[in-house]
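Down below is the structure, laid out as structure tokens.
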2 protein chains.
Amino acid sequence: MQSRTPASRTGRPRSAAADTAILAATRAALVELGWSKLTLGDVATRAGVAKTTLYRRWAGKNELVVDAVAELFDELTLPDRGSLAADIEGVVLQFATILARPEARNGLMAVVAESTRDDALRERIRASIVDRQKRLVLAGRARAQARGELPPESDAEEAARTVDLIFDMVAGAVVHRTLVSAEPADEEWIHGFTRVLLSGLSATGP
Amino acid sequence: MQSRTPASRTGRPRSAAADTAILAATRAALVELGWSKLTLGDVATRAGVAKTTLYRRWAGKNELVVDAVAELFDELTLPDRGSLAADIEGVVLQFATILARPEARNGLMAVVAESTRDDALRERIRASIVDRQKRLVLAGRARAQARGELPPESDAEEAARTVDLIFDMVAGAVVHRTLVSAEPADEEWIHGFTRVLLSGLSATGP
DNA sequence: AGTATTACGCTACGACCCGTAGCGAAAGCA
DNA sequence: TGCTTTCGCTACGGGTCGTAGCGTAATACT
């Protein structure tokens with residue numbers, strides 16, 4: 001989570017309940033107010049803590065919302081539906097379901113926008129949100145190779161590039177569909193998307 | 001642009017130079033300060049106009065930045081490179097070049113994030129930014145069908161869905177690569193992306 | 001028990017930005 | 001020359017920020 005003091009052994013410990021209350025209050029405020037009208041004073045009031053307590057744990061609005069949104073992606077898992085296409089559709093559906101929630105929509109793009117001028121914030125997003133998504137791509141690819149649905153990796157570096165490409169295509173398409181086009185990434189859309197993506201991947205030439 | 005008074009024939013006309021100065025100052029402020037630290041008072045000072053003049057023309061920060069960023073996408077054109085793959089690569093390269101500019105990165109995602117809670121703003125973005133991009137997809141598809149590189153549209157509604165899917169895939173992937181993964185969408189990446197996309201599209205089954 | 005150390009709640013504060021009102025001056029039209 | 005609209009300027013109340021200071025609460029060490 002936030003920058004802890006790992007070697008603190010004495011003194012009053014930080015309330016773990018306050019953490020969860022603050023993050024939950026942040027998500028609630030995101031739903032009701034959105035990003036721009038969300039104030040840290042309001043979050044503190046909702047959480048039942050003092051504003052100063054909030055500032056002692058998080059550097060600012062950006063970091064707080066990143067942590068609050070990151071918890072939404074904890075539920076992402078890789079289902080075993082038997083085939084690569086079905087696995088992808090399952091993961092994309094989970095991802096789309098999370099993005100359909102207003103606290104995710106309101107918070108995610110805002111912190112990404114802020115991260116364009118804040119390298120530390122981008123690293124925080126990568127570690128707590130993006131990597132958690134990318135891990136599913138890696139796992140799904142490995143399972144598909146074990147099944148023989150995808151050719152095994154010949155070059156390690158080439159494989160890494162492919163994974164990055166797939167990840168940007170999947171996450172980017174779902175995010176763009178949900179937030180820019182503002183239309184639901186429902187099962188029908190996901191099915192069409194998966195078909196195009198898989199056809200393109202299976203035809204991997206030089 | 002902003003909401004004009006179309007039937008105003010008498011009185012002192014609005015300075016057109018002020019418009020361009022304000023929008024240019026907005027982009028300059030986006031580069032130097034980013035979205036969150038950009039203030040309308042600062043933009044007015046940079047543009048050499050009074051703050052009240054700015055408020056008379058734009059409702060707020062969101063609308064102003066949308067117009068300022070929209071001008072960046074004016075230069076998007078559909079080059080005729082002879083093949084669908086080359087055309088796509090050309091357009092994607094233009095799009096990536098625009099997104100590489102800091103004023104686009106800093107402003108675009110921020111207003112998209114704000115638009116999740118503001119339908120009027122989303123409509124403004126769609127009309128002045130998104131549609132300008134989508135038009136290229138439509139034109140490119142039509143040209144490819146004329147060349148015989150893509151099957152002609154059988155069902156009109158199905159064709160519209162396909163165009164929307166392609167658009168979300170292209171724009172989403174480039175945006176995600178540029179802003180989330182924070183790595184350049186250079187020619188090598190674009191080439192790999194186009195290959196996957198086109199392979200998936202040419203294999204259009206039921 | 002007693003002490004040291006850290007976290008907490010609370011209040012107050014200067015600084016900044018917002019968005020608007022009001023005014024006189026300027027720039028075009030009839 | 002009038003009429004109309006825009007412009008620049010100043011000023012203002014309202015809100016948020018982020019921090020300082022203080023007394024209190026909770027835990028670890030001796």
Side-chain angles (χ1 to χ4, degrees), chain A residues 1-23 25-26 29-30 32-66 106 110-111 114 117-118 120-121, chain B residues 1-26 29-30 32-65 106 110-111 114 117-118 120-121:
Chain A
M1 292 289 193
Q2 62 275 21
S3 60
R4 296 190 170 281
T5 317
S8 76
R9 305 174 50 90
T10 178
R12 176 177 176 175
R14 283 192 172 176
S15 165
D19 267 3
T20 62
I22 290 172
L23 293 176
T26 302
L30 275 177
E32 293 183 23
L33 305 174
W35 162 266
S36 58
K37 294 185 179 176
L38 180 148
T39 68
L40 294 194
D42 181 64
V43 170
T45 303
R46 289 171 187 262
V49 301
K51 190 173 65 166
T52 46
T53 297
L54 215 157
Y55 275 102
R56 289 187 188 108
R57 304 190 181 200
W58 283 276
K61 194 169 161 178
N62 295 334
E63 291 76 9
L64 174 63
V65 171
V66 168
N106 293 339
V111 293
E114 291 297 311
R117 288 192 58 87
D118 187 339
L121 182 64
Chain B
M1 293 289 189
Q2 62 276 20
S3 61
R4 297 191 170 280
T5 315
S8 76
R9 305 173 50 89
T10 177
R12 175 177 177 175
R14 284 192 172 176
S15 164
D19 267 3
T20 62
I22 290 172
L23 293 177
T26 303
L30 275 177
E32 292 183 24
L33 306 173
W35 162 267
S36 58
K37 294 184 178 177
L38 180 148
T39 68
L40 294 195
D42 181 64
V43 170
T45 303
R46 289 170 187 261
V49 301
K51 191 174 65 165
T52 45
T53 298
L54 215 158
Y55 275 102
R56 289 186 189 108
R57 304 190 180 199
W58 282 276
K61 193 169 161 178
N62 294 334
E63 291 77 8
L64 174 63
V65 172
N106 293 339
V111 294
E114 291 297 311
R117 287 191 60 85
D118 187 339
L121 183 64

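Values reported hereafter were calculated over all heavy atoms of this structure, with side chains retained and with hydrogens, waters and symmetry mates removed. In what follows, chains are A, B, ... by sequence order, proteins preceding strands, each numbered from 1.
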Side-chain polar contacts of residues 48-56 of chain B - donor-acceptor pairs under 3.5 angstrom, sequence neighbours left out - could you list them?
none

Candidate pair B:Trp58 and B:Leu40, rule side chain to side chain contact (heavy atoms under 4.5 Å, CB included), full reasoning: CA-CA 10 Å; B:Trp58 282 276; B:Leu40 294 195; over 6 Å; no
Worked verdict on B:Arg57 versus B:Arg14 for side chain to side chain contact (heavy atoms under 4.5 Å, CB included): CA-CA 10 Å; B:Arg57 304 190 180 199; B:Arg14 284 192 172 176; 3.9 Å; yes
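- Rounded to a whole Å, the CG atom of A:Asp19 is 12 Å from the P atom of C:dA7.
- Residue A:Leu38 contributes atom CG, which lies 13 Å from atom C1' of D:dC17 at whole-angstrom precision.
- Residue B:Thr10 places its side chain closer to C:dG28 than to any other of D:dA28, C:dG19, C:dG28.
- As a whole-Å value, the separation of B:Leu54 CG from C:dT20 C1' is 14 Å.
- Atom NZ in B:Lys37 sits roughly 10 Å away from atom P in D:dG18 (whole-Å rounding).
- Using a 4.5 Å heavy-atom cutoff, the side chains of B:Leu64 and B:Leu23 are in contact.
- Although no hydrogens or angles enter the test, the distance criterion places a donor-acceptor pair under 3.5 Å between the side chain of A:Asn106 and the main chain of A:Leu30.
- When the nearest nucleotides of DNA chain C are assigned to B:Pro13 and B:Gly41 by heavy-atom distance, the more 5′-ward of the two goes with B:Gly41.
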Intermediate values then yes/no, side chain to side chain contact (heavy atoms under 4.5 Å, CB included), A:Trp35 and A:Lys61: CA-CA 9 Å; A:Trp35 162 266; A:Lys61 194 169 161 178; 3.9 Å; yes
All N/O pairs under 3.5 Å across the protein-nucleotides 8-10 of chain D interface:
residue : atom : partner : partner atom : Å
D:dG8   : OP2  : B:Ala50 : N            : 3.3
D:dG8   : OP2  : B:Thr53 : OG1          : 2.8
D:dG8   : O6   : B:Arg56 : NH2          : 3.0
D:dC9   : N4   : B:Thr52 : OG1          : 2.8

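- In this structure, the OH atom of A:Tyr55 is 11 Å from the P atom of D:dT16, given to the nearest Å.
- Relative to the side chain of B:Arg12, the nucleotides C:dA7, D:dC17, C:dA26 differ in distance, and C:dA26 lies closest.
- Residues passing the side chain to side chain donor-acceptor pair (under 3.5 Å) test with A:Arg46, sequence neighbours excluded: A:Glu32, A:Asp42.
- Annotation: of the two residues near DNA chain D, A:Lys61 and B:Gly11, the 5′-most nearest-nucleotide partner is B:Gly11.
- Rounded to an integer number of Å, the gap from B:Leu33 CG to C:dC16 P is 15 Å.
- Taking atom CG of residue A:Leu40 and atom P of nucleotide C:dC16, one finds them 19 Å apart after rounding to whole Å.
- The CG atom of B:Asp42 sits 14 Å away from the C1' atom of C:dC18 (whole-angstrom rounding).
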